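Model, not experiment: these values are computed from the prediction.
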Amino acid sequence: DPDDPKDPEDAPTYTIELERESEFYQVDFPESAKEGETVTVTVTPVEKVNIVAVRYNNKKADLVKENVYSFEMPKKDVKLTVNSSSTVTVVPSSYYTAEVDKPVAEAGDLVLVVFGVYNVEDIIESATINGTRTKVEVLDMGIYSCSFTMPEGPVVVEAQLGAEYHVIE
């Protein structure tokens, strides 16, 4: 019925775009849709990355099945954003133990890592987050911590010991 405003044939078409690309996931979606149409968005993450949510104009899209989301096209253009979480891995060492408060963290989360040296004479001078040096704080004798804002994608944390290494005979 051409007089019915809900007739999808007459509905205007609006554009759909991704707020920003990422090296950590691929997003497939139509470039446009008519108001009221169901839009399906498929997000394919790389290893060690999980998709937490897909948003359209800051509203949460419905999860259809793993990594597939849908929403009803509103009466305006849409910007898609993807929220992801990734793993935080601490490089194992015979010199220290490490505990991470969030082994899987969302981009933007604050992550805390606490290191404990086996020998209190060993000193942790700094840590690296994906190869970038960051400072550590001394919490107690032989106990150190560092915190960082989770970037997008997996993180590898490694403690850097001070110059006094022990010779193991």
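Shown here is Glu99, whose CD atom has no more than 12 heavy atoms of other residues, nucleotides or ligands within 6.0 Å. Other residues, nucleotides and ligands place no more than 12 heavy atoms under 6.0 Å from the NZ atom of Lys48. Shown here is Asp28, whose CG atom has more than 12 heavy atoms of other residues, nucleotides or ligands within 6.0 Å.
Scanning all heavy atoms of the two residues, the minimum distance from Ala159 to Tyr96 falls at N-OH, 3.2 Å. Considering all non-hydrogen atoms of both residues, Lys102 and Leu110 come closest at NZ-O, 2.7 Å. Taking all atoms of both residues into account, the shortest heavy-atom contact from Val104 to Ser85 is CG1-OG, 3.5 Å.
Sorted by first and then second residue, the salt bridge (Lys or Arg N to Asp or Glu O under 4.0 Å) pairs with a member in residues 68-85 read Glu17-Lys79; sequence neighbours excluded.
Phe71 and Tyr56 have parallel rings, their planes meeting at less than 30° on a 0 to 90° scale where 60° marks the start of perpendicular.
The side-chain heavy atoms of Pro30 and Val39, taken from C-beta on, include a pair separated by under 4.5 Å. Residues Val157 and Val100 are not in side-chain contact: their nearest non-hydrogen atoms beyond the backbone lie 4.5 Å or more apart. Between Phe24 and Val82, every side-chain heavy-atom pair lies at or beyond the 4.5 Å cut-off. By the 4.5 Å heavy-atom criterion applied to side chains, Cys146 and Ile129 are counted as neighbours.
At least one donor-acceptor pair under 3.5 Å links the side chain of Asn130 to the backbone N or O of Pro154.
With a 4.5 Å cut-off between side-chain heavy atoms of Ile, Leu, Val, Met, Phe, Trp and Tyr, the cluster of Val91 takes in Val156.
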